[in-house]
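Being a predicted model, the structure only gives us computed values, none of them experimental. Throughout, a chain's letter reflects where its sequence line sits, starting with A, and its residues are numbered from 1.
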2 protein chains.
Amino acid sequence: MKRSEDTATMILDAAQHLAQTQGYNAFSYADIASEVGIRTASIHYHFPGKGDLGYSLVARYRQIFLQSLTEIDQTTNKAAQKLKKYIDLYHWSLLEDRMCLCGMLASDIATLPEKVRDQVKIFFDVNVAWLATILKDGRKADEFIYRGTAEAQARLMLASIQGAMLVARALRNTGQFQKVTKDLFNSIKKAK
Amino acid sequence: MKRSEDTATMILDAAQHLAQTQGYNAFSYADIASEVGIRTASIHYHFPGKGDLGYSLVARYRQIFLQSLTEIDQTTNKAAQKLKKYIDLYHWSLLEDRMCLCGMLASDIATLPEKVRDQVKIFFDVNVAWLATILKDGRKADEFIYRGTAEAQARLMLASIQGAMLVARALRNTGQFQKVTKDLFNSIKKAK
DNA sequence: GTCTATAGGTGGATAGAC
DNA sequence: GTCTATCCACCTATAGAC
């Protein structure tokens, strides 16, 4: 019940938490209202329908995620370090028992409004594009070694990370995620 | 509206289809009733609560999946061939726009009854155990090459395959799944 | 075993007072 | 902007006739 921030933000925070832990179809306006400490009618004032809420949710998530990627790009030049920090982004989320928001929405994809679906798609495309750049740079710098195109490897890594989160949460075993992503990292890391 | 089979089976078939395409929280007894051509009360006769239905659903899925694995073991001795057929199991599912039932339930894990959760966990454990055996045999037979333990590699492959389904469905691109799993296969296949 | 009828609860959503 | 009050559709579930 944080009362210091503006309501729209508090609603989005609560909705995101619920969406990441339970899924799009498992939370209600009542759940959000209860977490924020307001009434459901107030939510409708800020987000007329659940579709609007979902759209704003993913749009904000994408934007913040993109900022994180930019920060990673600025803090180091080593591709291997960048990749580790990228994996950490997801790891931190998992430590709070949160799935990636878009990984979660991906499972609900058939029931999402078109505009929300598009946002999820864009999120994955951005991830693949960023990863492909890192992988390409890393191979050029002799840090990574892998067969095929950088984009193909990027798609494999995105799928593996999302799947690792999904399975680790089901097994209630965060360590599983760390092991899998470490092995994934090692599979392309060039031995010194 | 198949009337030839027994009702319980028809209910499970419809529920499984809905669960794999929409998720556990996105389908109702009314949806099943409509697909089967009966009333919701009839479903409650066979499966008193949704938890009972969910449990029976995963238990049957596990059993049928295990049969498929046994069949694979019987049709070939080549580890590489077995692995390909294993991936095909998931691929066929995806061609009908179906996620793996347990991958889908994994995303809904926080909202599932305890007994359903346990079934999902067992499904993943069975997958890892079977994959680990194949990977071990394949390495011994000089078909596969990978670092680390067979079990670690098995966990990576399960996560990658589940994630590949998740992302491919979100992007509405089945070809993506084929590419990713092919690259995954090639990453451990020993060149002749 | 399947039906009709219905209960009690919750879903997203709106009108209008403050 | 937030509230109370309310709407209707849908949810899971049960009782009892057939």
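- In this entry the distance linking CD1 of A:Ile38 with P of C:dC18 reads 22 Å, nearest Å.
- Cation-pi check for A:Lys50 over A:Tyr24 is met; the charged atom lies under 6.0 angstrom from the ring centroid and within 45 degrees of its normal.
- Atom C1' of nucleotide D:dT2 and atom CD1 of A:Ile32 are separated by 16 Å, given to the nearest angstrom.
- Between A:Phe177 and A:His91, the ring-plane angle classifies as parallel under the 30° and 60° cut-offs.
- Interatomic distance, B:Ile188 CD1 to B:Arg147 CZ, rounded to the nearest 0.5 Å: 14.0 Å.
- Whole-Å rounding puts the A:Tyr29 OH to D:dC3 P distance at 15 Å.
- The neighbour count for B:Ile145 CD1, taken as heavy atoms of other residues, nucleotides or ligands under 6.0 Å away, does not exceed 12.
- A cation-pi arrangement is absent between A:Lys189 and A:Phe144 under the rule of less than 6.0 angstrom and at most 45 degrees off the ring axis.
- Contact annotation: B:Ser28 side-chain N/O to D:dC10 OP1/OP2 distance is not under 4.0 Å.
- Checking the phosphate oxygens (OP1, OP2) of D:dT2, a side-chain nitrogen or oxygen of A:Thr7 falls inside 4.0 Å.
- Rounded to whole Å, the distance from CG on B:Asn25 to C1' on D:dC10 is 15 Å.
- In this structure, B:Gln22 places its CD atom 11 Å from P of D:dC11, rounding to the nearest Å.
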Using the ring-ring contact (aromatic ring centres under 6.0 Å, His included) rule, take B:Phe65 and B:Tyr90 through it: C-alpha gap first, then chi angles, then the decisive distance, then the call. CA-CA 10 Å; B:Phe65 196 86; B:Tyr90 288 111; 5.6 Å; yes
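- The nearest whole Å value for the distance from the CZ atom in A:Arg39 to the P atom in D:dT4 is 5 Å.
- Remark: A:Ala41, A:His44, A:Pro48, A:Gly49, A:Lys50 in residues 41-56 of chain A come within less than 4.0 Å of DNA chain C through at least one heavy atom.
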